[in-house]
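Below you will find the structure I want to go over with you.
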Protein chains: 2
Amino acid sequence: MREKNKPSKYSHQRDSEATKKRILEAAKQEFASHGLSGARVDVIAEKAEANKRMIYHYFGNKEELFTVVLEDAYIDIRSEEKELHLEKLDPETALKTLVEFTWNYYLKNPTFLRIINSENLHQARHLKESSVIDDLRGPFVGMIDDILKRGEKENVFRKNVDTIQLIITIASVGYYYFTNRYTGSILFSKDFMSQEALDERLAFNIETILRLVKK
Amino acid sequence: MREKNKPSKYSHQRDSEATKKRILEAAKQEFASHGLSGARVDVIAEKAEANKRMIYHYFGNKEELFTVVLEDAYIDIRSEEKELHLEKLDPETALKTLVEFTWNYYLKNPTFLRIINSENLHQARHLKESSVIDDLRGPFVGMIDDILKRGEKENVFRKNVDTIQLIITIASVGYYYFTNRYTGSILFSKDFMSQEALDERLAFNIETILRLVKK
DNA sequence: AAGCAATATAACTATATAGTTACATATTAC
DNA sequence: GTAATATGTAACTATATAGTTATATTGCTT
């Protein structure tokens, strides 16, 4: 029986959507910091200022929570990519814009890279079961294909550059730099994250991609 | 007290070096498969046909075991790189050889990539404390620098290509392909590991690197 | 305002896990 | 041969962990 004058345990208003959001954000951070295995459900609950019971209530279990975090990550980058409207830019500018966007997205969203890495460590078993990817299958493939075709027609790009290989390469040159920056900084005795180093790398990446496609 | 006629529990001969090696190999596999946090010491002991007690005896603890596995990984790739003798090849062949070697090393040593990824998830905290890297600091930097200089002199390479950026790029285009092959295969609906896909990617990478440095 | 579903808390449980201890057997030095 | 040391096994322990249960409060429906 409730005691008289005892203050309520529930100090804040209820808001299931807000609670879900806080859990997802906390989970994203925790999974990114420690990987799927290293992440602790208790810590996620604490960071989210929620309760472990709520995590299981809203998301089922740790694996399903990870799946939602992963899906959200892909949805987010995909929606930002859409906003670039590369189809409105001339081929060379479009390609340069994509390289810069990819680079800056990785720079501003370190959790993205770490979560994708975790998923690959686990052989993409969560993504495999996800239906969300259907909408992002071949993200941008059509768009990049169009840029390459326009470049060919305008005689600024060479013929027969493989679209998927190009997309992979654009991702590679940024992704690797960021995910391997810790070992890289030691192996090369160089701070990979200084503004100077970042600027230099982005410029080099743009050059790499343009040299690859230009006549 | 030992019972009469009871067969010895120790069926095989003792060999500390062999046991250490078995532990290291098992640890490499286990860390590569599950990451540092996901790896289980009991599983390593079992796989090594050794005993947990031996792991702690020879390596101290899980973290130190990981450190040795990591150090061994770097030592191995470094020693294979040395065998290439790129200094004896003409600049273009040397560069092509390095791209091929890097690609094939990653292909044949999937554990390497996963262990480096784990170490980067943990912000290289093991490598930071390791003295082994002193010998591999700037691996090949001098060598690649030499290739670029020779190429310049022979008028086949352009001037002022940054050596470290080039090394990072050579690693990137292979590393990313392999570590992200699980999510990549889903996103692009394409088997990244078919012989055809592998051949195509290697050829593309060679083209990417040569276009980057050639006049 | 009564009943009910949704939201929340905290305490609990079964199990897994890194690391330890006690002890046994083999090998080496003398 | 014997003592000391290296190598090995198995059982144990303290703790951490994912997931559950019991219960309380809120807010919505009627």
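Keep in mind it's a predicted model, so treat the numbers as computed, not measured. Here is how names work: the chains are called A, B, and so on, in the same order as the sequence lines, proteins then strands, and each is numbered from 1.
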>> Please determine whether a side-chain nitrogen of the Lys or Arg among B/K108 and B/E80 lies less than 4.0 Å from a carboxylate oxygen of the Asp or Glu.
In response: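 No salt bridge links B/K108 with B/E80.
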
ask   = CG of B/N51 versus P of C/dT20: gap in Å, rounded?
value =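 Rounded to whole Å, this separation is 14 Å.
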
Is the shortest side-chain N to carboxylate O distance from A/R22 to A/E25 below 4.0 Å?
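No salt bridge links A/R22 with A/E25.
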
* Asked: When the nearest nucleotide of DNA chain C is assigned to A/A50 and to B/E63 on a heavy-atom basis, which residue is associated with the more 5' position?
  ->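 Nearest-nucleotide comparison on DNA chain C picks A/A50.
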
**Message:** Heavy atoms only, 4.0 Å cut-off, all strands: where does A/A18 land among base, sugar-phosphate and nothing?
**Reply:**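 Counting heavy atoms under 4.0 Å across all strands, no contact is made by A/A18.
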
More than 12 non-hydrogen atoms from neighbouring residues, nucleotides or ligands closer than 6.0 Å to NZ on A/K21, yes or no?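 At most 12 heavy atoms, drawn from other residues, nucleotides or ligands, come within 6.0 Å of this atom.
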
*Given C/dT7, is OP1 or OP2 found less than 4.0 Å from the side-chain N or O atoms of A/S16?*
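Affirmative; the distance criterion is met.
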
Exercise. Does A/K52 get its side chain close enough to the base of C/dA10, under 3.5 Å, for a donor-acceptor pair?
Worked result: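 Not at all, since no donor on one side and acceptor on the other fall under 3.5 Å apart.
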
Just N and O in the side chain of B/T19: are any of them under 4.0 Å from OP1 or OP2 of D/dG8?
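Yes, B/T19 has a side-chain N/O under 4.0 Å of OP1/OP2 on D/dG8.
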
_Regarding B/A45, tell me which of base, sugar-phosphate or nothing describes its non-hydrogen contacts under 4.0 Å with the strands shown._
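B/A45: no heavy atom of the nucleic acid under 4.0 Å.
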
Checklist entry - Which residue, A/L65, A/T67, A/I44, forms the side-chain contact (heavy atoms from CB on, under 4.5 Å) with A/F59? => result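 By the side-chain contact (heavy atoms from CB on, under 4.5 Å) criterion, A/F59 pairs with just one of A/L65, A/T67, A/I44: A/L65.
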
If you assign A/R53 and A/S37 each to the DNA chain D nucleotide with the nearest heavy atom, which residue ends up on the more 5' nucleotide?
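Here A/S37 is the residue nearer the 5' end.
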
In whole angstroms, how far is the P atom of C/dA18 from the CE atom of B/M54?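 In whole Å, C/dA18 P lies 18 Å from B/M54 CE.
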
Output the rounded distance in Å from NZ (B/K62) to P (C/dT17).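 Spelled out: NZ on B/K62 to P on C/dT17 is 9 Å.
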
Test B/T183 against every option in A/Q123, A/H126, A/E119 by the side-chain contact (heavy atoms from CB on, under 4.5 Å) rule and name the one that passes.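 So, applying the side-chain contact (heavy atoms from CB on, under 4.5 Å) to B/T183 and each of A/Q123, A/H126, A/E119, only A/E119 qualifies.
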
Checklist entry - Rounding to a whole Å, what distance do you find between B/L36:CG and C/dT17:P? => result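 Answer to the nearest Å: 14 Å.
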
Exercise. Could you give the CG-to-C1' distance, from A/D15 to D/dT25, as a whole number of Å?
Worked result: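 The distance from CG of A/D15 to C1' of D/dT25 comes to 16 Å, rounded to the nearest Å.
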
Review point. Phosphate oxygens OP1/OP2 of C/dA6: is one of them under 4.0 Å from a side-chain N or O of A/Y58?
Key: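 Checking C/dA6 against A/Y58, no side-chain N or O comes under 4.0 Å of OP1 or OP2.
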
Review point. What is the distance, rounded to the nearest whole Å, between atom CD1 of B/I44 and atom P of C/dT17?
Key: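 So the two atoms are 12 Å apart, to the nearest Å.
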
* In whole angstrom, give the distance that lies between atom NE2 of A/H57 and atom C1' of C/dA5. =>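 The answer, rounded to whole Å, is 10 Å.
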
Exercise. To the nearest Å, give me how far apart CZ (B/R40) and P (C/dT15) are.
Key: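 Taking atom P of C/dT15 as the reference, CZ of B/R40 is at 17 Å.
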
